[in-house]
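So the structure is just underneath, and the comments pick up after that.
Per chain, numbering begins at 1; letters A, B, ... match sequence-line order.
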Amino acid sequence: MSDLPSIAIVDANNFYVSCERIFDPRLEGKPVVVLSNNDGCVVARSQEAKALGIDMASPWHSIAAEATAQGVIARSSNYELYGDLSARTVELLGRYTSSQEVYSIDESFIRLTGTPPQVSAIAREIRIATRKLIGLPVSIGIAPSKTLAKLANRGSKTAPALLGVCNLAAYSPAQLTSILQSVEVGQVWGIGGRTAKKLIGLGVYTAAALRDADAAGIRRRFGVVQERVVQELRGIDCLPLEEVHADREQIQFSRSFAIPISTVPELQEVLSVYTQRASARLRRQNSLARLMRCYASTSPFQDEHVTHAVSLAFPDPTDDPVVIYRAALTALGPQLQAHRQYVRVGVSLHEFSSRDTHAALDIFDTNPAPFAAGDVLDSITAKYGQETLGLGLAGFKSNRAWTMRRNMVSPRATTHWDELATVFAH
DNA sequence: TCTGGGGTCCTAGGACCC
DNA sequence: TCTGGGGTCCTAGGACCC
């Protein structure tokens with residue numbers, strides 16, 4: 001038995017639903033779904049909801065009647081709650097490893113060392129701890145590469161006998177091949193719908209067949225990303241753990257509206273709010289942006305779907321909400337047409353530099369220090385909340401008909417004093 | 001009436017330069 | 001009339017992920 005380091009992926013089961021259940025135990029054992037922003041699509045389902053045949057990404061409006069008749073309970077997404085429970089889970093996992101990559105809101109890769117039985121024992125301990133200390137059920141897949149760990153993670157969920165932990169090191173080469181033969185090629189991490197279709201056309205139907213395919217040929221036909229998948233399936237670790245969470249390389253803020261917008265002043269208001277939110281994220285990671293893209297689009301589900309998009313460079317990299325808003329308005333404003341029914345606006349920032357580096361280069365700048373509107377906004381909203389203060393049109397809260405629809409949202413039970421859970425004694 | 005949002009990486013192709 | 005070739009930078013878009 002080898003004593004090599006293994007990669008484990010720890011993944012919370014039906015994460016958003018599990019978060020909702022922690023603070024509302026009445027949801028336990030019932031079919032529950034969580035909806036995307038705007039109460040648009042299903043983005044998380046409990047086991048019971050999956051069993052009823054509710055698909056991921058189903059538009060809620062088209063299934064709501066039937067689902068509620070079947071007893072399905074829907075919740076609007078409550079990202080503040082999920083984010084907080086996610087952070088607690090990350091901290092807990094950190095106690096079991098020296099090397100951790102936070103891959104998404106509900107998944108971490110961690111490195112575990114020991115013999116296969118030792119590693120599996122640690123994984124079982126983690127499972128018990130997350131359930132007991134945070135309230136979340138998790139599944140754990142363990143293997144020599146990330147891609148195989150993801151595959152093991154699927155196995156840990158589909159085979160109840162494994163009790164939520166699947167360590168591929170526990171299987172013989174023949175058993176491993178038979179496991180890979182049972183996985184469709186499109187289920188492999190990194191192989192999406194398009195590539196899967198092409199692979200099937202070439203006769204590559206399963207994970208085992210992809211593992212045994214000619215790596216150079218795969219590279220020629222599909223590129224380096226897919227070639228790495230082949231190597232990873234062979235147990236060769238090609239995708240290192242990204243331990244330090246690097247700053248973002250782009251920041252987007254985009255939302256669909258509860259109702260379409262067709263007046264220019266309202267679009268200006270939206271741009272004002274979105275540019276302020278995007279620039280706040282930029283300042284949080286201490287970056288300046290050189291490039292911005294903005295777009296406004298009508299519904300892709302209607303005739304005459306249009307998108308107006310602009311891309312613009314700032315003369316000097318900036319994080320100033322006033323500069324960014326004015327630039328967005330100047331560039332996108334002339335394209336907006338009052339008779340259109342816009343359903344979505346997006347702002348994205350790119351090409352970052354560090355705020356500190358830029359300041360150091362700026363010593364010969366003769367302009368007096370400008371009013372740092374961004375810093376003032378940040379310190380006030382940090383203390384009193386996101387909605388307390390805004391610049392210009394974003395400062396008014398009245399009559400914002402376009403904001404998100406969130407009709408079934410749960411309390412932010414861990415981050416707001418006035419929304420704490422209430423316990424009743426009987 | 002009602003269809004999410006935020007990322008990453010890679011590649012192709014045009015513009016430009018020498 | 002004749003009319004190269006290679007390198008780099010930039011951007012848009014594809015594909016994938018959760």
Rounded to whole angstroms, how far apart are [atom1] on [X] and [atom2] on [N]?
X: A:R154; N: C:dC18; atom1: CZ; atom2: C1'; result: 14 Å
X: A:R248; N: B:dG5; atom1: CZ; atom2: C1'; result: 13 Å
X: A:R219; N: B:dC10; atom1: CZ; atom2: P; result: 10 Å
X: A:N78; N: B:dG4; atom1: CG; atom2: C1'; result: 16 Å
X: A:Y103; N: B:dT8; atom1: OH; atom2: P; result: 12 Å
X: A:N38; N: B:dG5; atom1: CG; atom2: P; result: 6 Å
X: A:L349; N: B:dG5; atom1: CG; atom2: P; result: 17 Å
X: A:E249; N: C:dT11; atom1: CD; atom2: C1'; result: 16 Å

Quiz item: Watson-Crick or G-U wobble partner for B:dC9, using a 3.5 Å limit on both distances?
Solution: C:dG14
Exercise. Could you tell me whether the side chain of A:E20 reaches within less than 4.5 Å of the side chain of A:N78, counting heavy atoms only?
Key: yes
Self-check item: Side chain to side chain, A:R228 and A:V224, heavy atoms closer than 4.5 Å
Solution: yes
Would you indicate which nucleotide in [options] comes nearest to any side-chain atom of [X]?
X: A:Q226; options: B:dT3, C:dC16, B:dG7; answer: C:dC16
X: A:R344; options: B:dC9, B:dG4, B:dT3; answer: B:dG4
X: A:V224; options: C:dA12, B:dC10, C:dC16; answer: B:dC10
X: A:N37; options: C:dA15, C:dT11, B:dG4; answer: B:dG4

Would you indicate what [X] reaches in the nucleic acid, counting non-hydrogen atoms under 4.0 angstrom: base, sugar-phosphate, or nothing?
X: A:S348; answer: nothing
X: A:L35; answer: nothing
X: A:R293; answer: sugar-phosphate
X: A:G193; answer: sugar-phosphate
X: A:D106; answer: sugar-phosphate

Quiz item: Is the shortest side-chain N to carboxylate O distance from A:E232 to A:R211 below 4.0 Å?
Solution: no
Practice problem: Flag the pair A:K150 and A:E107 as a salt bridge only when some basic side-chain nitrogen lies within less than 4.0 angstrom of an acidic carboxylate oxygen. | Solution: yes
Quiz prompt | Nearest-nucleotide comparison on DNA chain B, the residue closer to the 5′ end among A:G223 and A:V43 | solution = A:V43
Hey, is the side chain of [X] poking within less than 4.0 Å of OP1 or OP2 on [N], counting only N and O atoms?
X: A:R405; N: B:dG4; result: no
X: A:R228; N: C:dC16; result: no
X: A:S256; N: B:dG5; result: yes
X: A:S254; N: B:dG6; result: yes

Exercise. Please confirm whether A:Y274 and A:Y325 have ring centers closer than 6.0 angstrom.
Key: no
Quiz item: Mind checking the C1' distance from B:dC16 to C:dG4? Whole angstroms is fine.
Solution: 15 Å
Quiz prompt | pi-stack flag for A:W60 and B:dC2, centroid dist under 5.5 Å, interplanar under 30° | solution = no
